[in-house]
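So the structure is just underneath, and the comments pick up after that.
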Amino acid sequence: MTDFAVGQRWLSENETELGLGIIQDVDYRLVTVYFPSNEDQRTYAKNNAPLCRVTFEAGDQIETIHGDILQVDSVQPLNDILVYMSKQTGNSTEIVPIPETQLSHHIELSKASDRLFSGQVDSVQWFELRYQAMLAKEQQERCEIHGLQGPRVDLIGHQLHIAAEVGNRHAPRVLLADEVGLGKTIEAGMIIHQQLLNHRAHRVLIIVPQHLVNQWFIEMIRRFNLHFSIFDQERVDSLTNLDDIAFEGEYDFEDIEIENPFLSEQLVLCSSDFFAQCDMKLLGQGEWDLLVIDEAHHLEWHPESPGEDYLRVEQLSRSIPGLLLLSATPEQLGQESHFARLKLLDPDRFHNLQSFIEEQQAYQPIAELVTELNDKAVWDDSLKAQIATHIDDLAISEENREDILKELLDRNGTGRVLYRNTRKNIKGFPQRKVFAHPLASCAEYQPDSSDSQEATVNQLLHPETQERNESWTQFDPRVEWLKDFLKSNLNEKILIICAHKDTAIALDLHCRFKLGINCCTFHEDMDIISRDRAAAHFADMEDGAQALFCSEIGSEGRNFQFSHKLVLMDLPANPDLLEQRIGRLDRIGQKQDIEIHVPYMQQSAQEVIFNWYHQGMNAFEKTNAAGNAIFKKTQSQLFAAIIDFTDQTKQQALIEQTQAVTSDINKALESGRDKLLELASYNETTANQLIERVAERDCLTPQKFLESCWDRYGIQFEDHSLKSYIIQPGDHMFIGMFPGLPEDGITATYDRQIALSRDDMQFLSWEHPMVTGAIELVLSEEKGNASVCILKNKAIKAGTLLMEVLYDIECVAPRYLQAQRFLPYKMFRVLTDIKGNNLADKVSHENLSKQCHKIPKNASRQALKSESKSFRKMLELAEKKAQQQADKTLDSVVEKMQHMQAEELNRLISLRKKNPNIREEEIKFVKSQTQILEKYLRNTYLKLQAIRVIVAV
Ligand SMILES: Nc1ncnc2c1ncn2[C@@H]1O[C@H](COP(=O)(O)OP(=O)(O)OP(=O)(O)O)[C@@H](O)[C@H]1O
C-alpha cells in the first residue's frame, strides 16, 4: 500500500484536469486531497485511491506557485515531504529550496516522459492504438495517391490521371476541359479533396452558375465528404448587419469592426450571379487558397473590351494561389477568350495573344517530336539535337525522359495548364444515333424582315418566338410529331431541349393540359428549388415525369444520363451548344446507346442547319472538337444558306465546304494541338497503375483500426448487411463526440462498389473524415503515450529492460510556404536496450507486441520507481538514435526541396527568353523562398509521442 502524508503532492489519475493536489488529511482508511486550482476536495479509500504521486528529479524543470521556472539540482526529504533544491534557469548558480507544497497547482503531465516517470501509465491497448494512429498518419501522408482513395467515385483512368497530376501541385492553376460529361466536376472534386487532405489548401471558393449550385453542393458532400457553405447576398447581409447583432449597452457603431463574412467558413460555394454583384473587396480579402470556376467559357475577353465577369475573376485570382477553371467548350467564345483564360492561369507562359496564335499553328512539329520521344526507347543523336533546340536547362538523355517530355509540353504547348480528354481516347462510351424527322413545312410562320442578319437567322431557326402567344402549338408540325413520339414511348424518359424558355413553357403546358402527358419544365427564370424539384420529378423512375422540357440553360452541367432519348426541338447555331445539349445524356454512367431525335420542317432554315450539322460535320453522332473553328470558317455561308433556305445550290455548296473545312481542321488538330493535349492529358499506363494502386488500398480497409477506436471510446457498432455496418454513439462513450459520427449514427461500408450503389451509406476509406478524425483524436490525447508491460520470451533473460520509443516530426512553417509538401508526417521508432543498442530493425513492433503482456498498475509503478535511473538513461539514448534518423531525413528533404525549386527557377528563366514580362523580382522570389524553406525545414524538431517500457520476465 502507498504511504500518504500531509503536504505531499498527488495527481488524480482519472481527473488530471483537477491539477496537482495536496494531501490534507490521512486516517487509517481514508485520504483527503485538496486541489487548489479548482478549489475542490476529494476523499478516497486509501487502499485503492486513483492517485499517483508526483515527484521530480535532478535536471527536471519545476514551476512554483509564483510562476517561477526553476531547474531541480537535488532532492532532499524533509519528514514526509520533498524539498527541491533548485536554481533559476539560465546561468544562475544560486540554489533555492522549494518544498513541494510550493509547487504550482497547475501541472501539465501530457508529455510522455512526464507521465511515465510520474507513474501515469496506460494499458498496452492504448499504446497500441497510438502506434496504429501514427502509422496510419504516416502511411497516408506519405502515400503517393493520398487524396485519391477517399472520393466515392468509380476508378476511371483519365480522371485519376488528371487528379494525380494536378492535385498534388503547390498552387495548381489549370483549365479542366474534358469533353462534356466526362467528369470535370469529379476531377475538380478530387483535386480539391487532395489539396485539403495534403494541407496544400485550407480555404476554397467555388463559383458556379446559379442552376448548378445545389448540384455541386450535393456532389461535394456525397462524393467527397466536403461540406461547402452556400453564400448569397442574404447570408452576407445577415453576417454583416449590425441590426442582427445583439448589443448590450451603448456602442459607437463607427468603432465596431465586423469580421469579413467570408472568413466565417473554410469552404464556400456561390453562384456566378452573386459573384457578379458581390463586394469584391470583402471577397478578395477572403484568404482563399483555391478558386474554382465552373462553366468558365462564359468568361469573355477581347483585347479592347474584356468582359465584366472576366475582369472580376482576374482581379480575384491575382491574390489566390490556386485556380481551377472548368469548361467543356473552352473555345466557345473564340480563341481570344481562350487565350485570356490561359493567361489567367499562367501569365508568365501566356503573355501575348499574337504569339499564342502563332504557336497554336506551329504545334505540329512539337507534337511529332514528343510522339517520337515517347515511342523510342533509345534516342539517336539527331533526335537529341532536335530536343536541345527546345530545352537548354536539362541534360538531354533518356534518363530524363519524363522531365523532358513535361517541359516540352509545358513550354511549347499547354501541357501544364490545360487538360482535355475526349471520347476518342476513352473506351466504353455508348454510340450516338441521330434520327431525322422531316415534317411538312408550315405556312403560318411568316418571318418578319429583321435589321441584322443574325436576328433574321434566329427568327428563321426559332419561328415560334415570333408568335405573340402559344397559338403556334396548334399548327406547328413539330408539336404534332412530339405528341405521337411521346405517346409511342410512354415508358421512356425523354429529355426535350429547345433554345428559348417560352418555347419550353408553351410545349410543357400543351403536353400537360391538352394531351395529359406527365411532364415538367426547366428554365432560367425558375428559382433554384423549383428547378431541382423539376429535375428530381423527371429522375423519379416510378411516378416521375415522362418528359422534361429544358431551355438552353438546362443543357449545362445537369446530369440526365438515366435517359437515353433526346429530342431537339430546334438547333442552336453554335456547335458547342449542340454538344452541351447532347452531353446531358452522353455522360459517364450512360448505359445505353443514345437516340437523338430532330424534328424539323422541310424546306426551311431548320432543314439547312440540320444538314449542316449532320452531313457537314457529323456533329450528332460524334463529338467534334473543332466545332467552334468550323463554325467560324463557315458562318457566313451558313447564315446566307439559312436566309435563302430555298436555294438548294447554296445549301449544297455549304455542305461541301463544311466537309472540307472539318476534314482540314481535324487533320491539323490530330497532328498538332490536339495531339499535344492528348499526350498531356492521358497516359494509359500511368492511369492503369493508379487504378491498381487505389484498388490495392481499397483492400486494406481501416476496419481494424476503427474497431479498436470504437472499442476504446465506447462507440457501438453492429452488422447491417453484407460488408456494411451501423455505427452509433454508445451509452458509455467517454468523449462528447466522436469525429464524423452524428448523434443518430451512420450506416457505412468499407466496400467501394456497395458505397457507389448505396447513397445512404458512407464509404469508410482511410481518407474518410471519421478515420482521419479518429487518428487526430488519438494523437491529440495523452492516453497511450506511456505504458509498461512485461515480455515473455524464453530467449530473453528475465530482468532485461527494453524501451520502445516513438517520435515524429512535423514542420511548422508559415502556411504560404506549404512546407509539408516536402516533409509529410514521419514517425521514428527506436527500440533500445540498456546499452543504447537500437533493435528496432531486428524486432518489428508487431512481433514485439505479440510477446508483450499487461502488468498490474502497482507493479508497473514499482518497476518505474526502482529502475527510474535506467529508464531515464535509456530514453536519452533513444532520443539520440532518433535524432540521427531525423537528421538524415531532413538532409534528403532539403535536397529534394532544392531540386524542385531549381526546376521552377529554370522554367522561369527559360520562359523569360520568350516573355519579357517576367520580372527579376519573380526570379528573386523563388530564390528567397528556397532559402526560407530550408530554414524552416532545418528547424524542424523531433517530438516524443509515446514510450513503452518492457520488462522481460
Ligand atoms: N468516377 C466517377 N464515378 C461515378 N460517377 C461519375 C464519375 N465521373 C463522372 N461521374 C458521373 O458522370 C456524370 C458527369 O460527370 P460531371 O458532371 O463531373 O461531368 P462534367 O464533365 O463536369 O459535365 P459537364 O461538361 O456537363 O459540366 C455525373 O453524373 C457524375 O456524377
Side-chain angles (χ1 to χ4, degrees), residues 148-164 167 174-193 206-209 211-224 272 292-298 324-332 419-423 426 428-430 495 497 535-536 538-539 550 552-564 566 576-591 594 623 625 627 681 687 690-691 694-695 698 752-759 763 765:
L148 289 180
Q149 195 216 352
R152 181 210 291 260
V153 295
D154 256 331
L155 304 179
I156 297 179
H158 73 273
Q159 297 175 349
L160 284 171
H161 175 83
I162 292 179
V174 299
L175 170 56
L176 300 175
D178 280 2
E179 269 177 12
V180 184
L182 292 192
K184 290 176 291 300
T185 318
I186 301 291
E187 287 160 9
M190 288 204 273
I191 294 169
I192 300 170
H193 188 255
I206 301 182
I207 301 173
V208 307
H211 64 281
L212 294 179
V213 169
N214 270 8
Q215 190 171 304
W216 267 83
F217 176 75
I218 292 167
E219 201 87 324
M220 287 299 113
I221 296 182
R222 190 168 63 113
R223 296 204 181 271
F224 304 99
S272 21
V292 182
I293 310 239
D294 192 15
E295 308 295 359
H297 44 267
H298 295 308
L324 302 183
L325 302 178
L326 278 67
S327 170
T329 47
E331 290 179 72
Q332 189 170 313
Y419 290 89
R420 180 167 173 87
N421 280 298
T422 58
R423 282 164 176 72
I426 298 161
F429 269 89
L495 182 71
I497 303 184
F538 181 47
C550 265
E552 202 77 74
I553 196 108
S555 60
E556 267 188 1
R558 285 276 174 172
N559 299 315
F560 296 124
Q561 61 270 59
F562 51 84
S563 155
H564 68 281
L566 174 69
D576 280 350
L577 283 180
L578 176 70
E579 193 52 39
Q580 285 274 11
R581 288 184 177 191
I582 302 172
R584 298 311 99 214
L585 274 57
D586 190 6
R587 313 173 74 64
I588 285 173
Q590 178 57 263
K591 304 265 181 328
I594 296 158
T623 46
S681 306
L690 281 167
I691 294 179
V694 179
D698 277 358
R752 181 179 294 275
Q753 288 317 316
I754 295 179
L756 277 168
S757 64
R758 294 283 306 259
D759 271 357
F763 172 42
S765 74

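When a ligand or atom number is given, it counts from 1 through the structure's own listing order. Just so it is clear, the structure is predicted and the values come from calculations on it, not from any experiment. Quick note: numbers below take in every heavy atom, side chains included, and nothing from hydrogens, waters or symmetry partners.
- Using cut-offs of 30° and 60° on the angle between ring planes, the pair H193 and F224 is tilted.
- An N or O contact shorter than 3.5 Å links I588 to ligand 1 by distance.
- Remark: ligand 1 atoms within the under-4.0 Å shell around heavy atoms of I156 are 1 (N), 2 (C).
- Applying the salt bridge (charged side-chain N to carboxylate O under 4.0 Å, His left out) test to D586 and every residue at least two apart in sequence or in another chain returns R423, R432.
- Close contacts of ligand 1 with V153, meaning ligand atoms under 4.0 Å from a residue heavy atom, involve 1 (N), 2 (C), 3 (N).
- Contacts between K184 and ligand 1 below 4.0 angstrom, taking non-hydrogen atoms only, involve backbone and side chain alike.
- Taking a 4.0 Å cut-off on heavy atoms, E219 registers as neighbouring ligand 1.
- The ligand atoms of ligand 1 that sit less than 4.0 angstrom from a heavy atom of N559 are 13 (C), 14 (C), 17 (O), 28 (C), 29 (O).
- For a threshold of 3.5 Å applied to N or O pairs, the pair formed by G183 and ligand 1 contains at least one separation below that value.
- Residue-ligand proximity: L182 is placed with a non-hydrogen atom under 4.0 Å from ligand 1.
- One side chain, E179 or T623, offers a donor N or O that lies under 3.5 Å from an acceptor on the other.
- The closest side-chain heavy-atom distance from L182 to H158 is below 4.5 Å.
- With hydrogens and angles ignored, the 3.5 Å screen pairs no side-chain donor or acceptor of R222 with any backbone N or O of R152.
- Here the side chain of H297 pairs no donor or acceptor atom with the backbone of D576 at under 3.5 angstrom.
- Taking a 4.0 Å cut-off on heavy atoms, G589 fails to register as neighbouring ligand 1.
- The heavy atom nearest to atom 5 (N) of ligand 1, considering only Q159, Q561, R223, is found in R223.
- Among Q590, R584, Q580, the residue whose heavy atom lies nearest to atom 26 (O) of ligand 1 is R584.
- When atom types are taken as modelled, the side chain of R752 and the backbone of V153 share a donor-acceptor pair closer than 3.5 angstrom.
- For the atom pair CD1 of I691 and NE2 of H161, the computed distance is 12.0 Å after rounding to the nearest 0.5 Å.
- At a 3.5 angstrom cut-off on N or O pairs, D154 counts as close to ligand 1.
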